[in-house]
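Read the numbers this way: they start at 1 and go in the same order the structure lists the ligands and their atoms. FYI, side chains are in, hydrogens and waters are out, and symmetry mates aren't considered; it's all heavy atoms of this structure.
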Amino acid sequence: MKKEHDIRIDRSKLHPWLDQKLTVLLRKCAKKGIYLIITEGFRSKEYQDSLYAQGRTKPGKIVTNAKGSTYSSQHMWGVAFDIAINDSKLLYDAATIRKVAVIAKGIGLGWGGDWKSIVDTPHFYLPKWGSTTSQLKALYGTPEKFKRTWKKTVEREKGALLWKASSKKTGSHCRIPKGAVVEVLYSKDWYTKVRYKNKVGYVNKKFVA
Ligand SMILES: [Zn+2]
């Protein structure tokens with residue numbers, strides 16, 4: 001097995017929370033001596049349509065049941081990525097992928113291997129909106145509108161402290177200045193969990209919009 005991960009996707013097109021979980025997953029897998037290929041991430045409507053055509057109007061075998069225009073693939077919403085094992089002998093080895101799934105579920109990712117209808121073991125996703133795209137479609141309509149929620153701007157005159165923990169007990173990383181853009185992981189209680197300059201922390205949700 002090669003001792004490095006092979007990232008073949010544009011990570012900036014993943015939801016920031018998923019991207020953050022991917023960072024953690026890669027670190028934890030490496031610790032266990034498992035190295036991944038990240039084969040698929042965000043898919044545009046056009047790309048999804050070309051995948052849908054495969055095995056139908058184009059040669060190859062069927063790889064998806066989601067047409068681009070229906071926004072029914074989690075990949076189109078930036079909330080999923082696919083993996084393989086970075087070892088030609090183990091590429092889609094079920095036992096190794098299951099080990100990855102255990103780690104992934106431990107850090108709050110959903111796994112396509114748990115699906116009942118189409119079992120999709122290389123597929124991992126952010127489960128906040130369920131295991132399908134129906135909630136995302138109902139809440140946001142289109143991936144473009146959803147993406148607008150991934151970033152917020154610090155609006156408070158004095159800026160906003162980036163706390164290391166939601167308890168504030170361990171102090172702050174830095175003060176984020178007014179006008180700075182942060183990547184939104186999620187909001188809860190008093191805070192929004194954000195990523196700013198590669199640091200992950202908590203800002204008062206009243207200070208960002
Ligand atoms: Zn997938």
Side-chain angles (χ1 to χ4, degrees), residues 5-29 34-88 90-140 142-144 146-147 149-150 185-186:
H5 298 299
D6 180 359
I7 314 293
R8 299 184 184 168
I9 63 163
D10 180 354
R11 292 182 59 173
S12 72
K13 292 189 172 171
L14 296 181
H15 188 289
W17 196 13
L18 181 69
D19 186 55
Q20 189 55 35
K21 287 187 187 291
L22 175 57
T23 297
V24 178
L25 180 68
L26 293 173
R27 192 171 63 223
K28 286 183 180 278
C29 283
I34 301 170
Y35 296 90
L36 306 180
I37 307 173
I38 308 302
T39 59
E40 289 274 317
F42 171 77
R43 291 180 193 154
S44 67
K45 189 169 168 290
E46 294 69 29
Y47 180 48
Q48 185 68 36
D49 277 330
S50 74
L51 286 179
Y52 185 79
Q54 204 177 302
R56 294 186 173 90
T57 53
K58 283 187 195 161
K61 53 178 188 180
I62 287 181
V63 289
T64 180
N65 286 324
K67 260 190 201 175
S69 55
T70 63
Y71 299 127
S72 295
S73 166
Q74 290 178 320
H75 290 283
M76 298 182 73
W77 296 85
V79 297
F81 56 78
D82 296 337
I83 68 149
I85 308 301
N86 196 9
D87 180 332
S88 53
L90 294 173
L91 207 55
Y92 288 105
D93 178 68
T96 313
I97 289 187
R98 209 172 302 119
K99 283 183 197 164
V100 176
V102 169
I103 299 170
K105 290 200 272 182
I107 59 169
L109 285 166
W111 182 39
D114 289 331
W115 288 347
K116 299 285 178 280
S117 51
I118 308 168
V119 181
D120 188 359
T121 57
H123 182 94
F124 293 87
Y125 63 95
L126 208 50
K128 178 173 177 178
W129 299 276
S131 60
T132 70
T133 56
S134 14
Q135 275 191 47
L136 285 163
K137 283 191 247 187
L139 282 168
Y140 302 103
T142 65
E144 287 67 34
F146 178 51
K147 275 188 207 169
T149 66
W150 298 7
L185 276 60
Y186 61 89

Could you pull out the closest heavy-atom pair between Phe81 and Leu18, with the gap in Å?
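In this case the closest contact between Phe81 and Leu18 is CE2-CD1, 3.7 Å.
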
Atom of [X] nearest the Zn ion (ligand 1) (restricted to N/O/S, atom name only):
X      : value
His75  : NE2
His123 : ND1
Asp82  : OD1

Please work out which of the three classes, parallel, tilted or perpendicular, describes the rings of Phe146 and Trp129, given edges at 30° and 60°.
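Rings of Trp129 and Phe146: perpendicular, over 60°.
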
Assess whether a salt bridge exists between Asp82 and Arg43, defined as any Lys/Arg side-chain N lying under 4.0 Å from an Asp/Glu carboxylate O.
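The answer is yes: the pair qualifies as a salt bridge.
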
Cation-aromatic face contact Lys147/Phe42, 6.0 Å, 45 degrees:
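Yes - Lys147 lies over the ring of Phe42, closer than 6.0 Å to its centre and within 45° of its axis.
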
Metal check, the Zn ion (ligand 1) vs Asp120 N/O/S, cut-off below 2.8 Å:
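No, since none of the N, O or S atoms of Asp120 sits under 2.8 Å from the Zn ion (ligand 1).
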
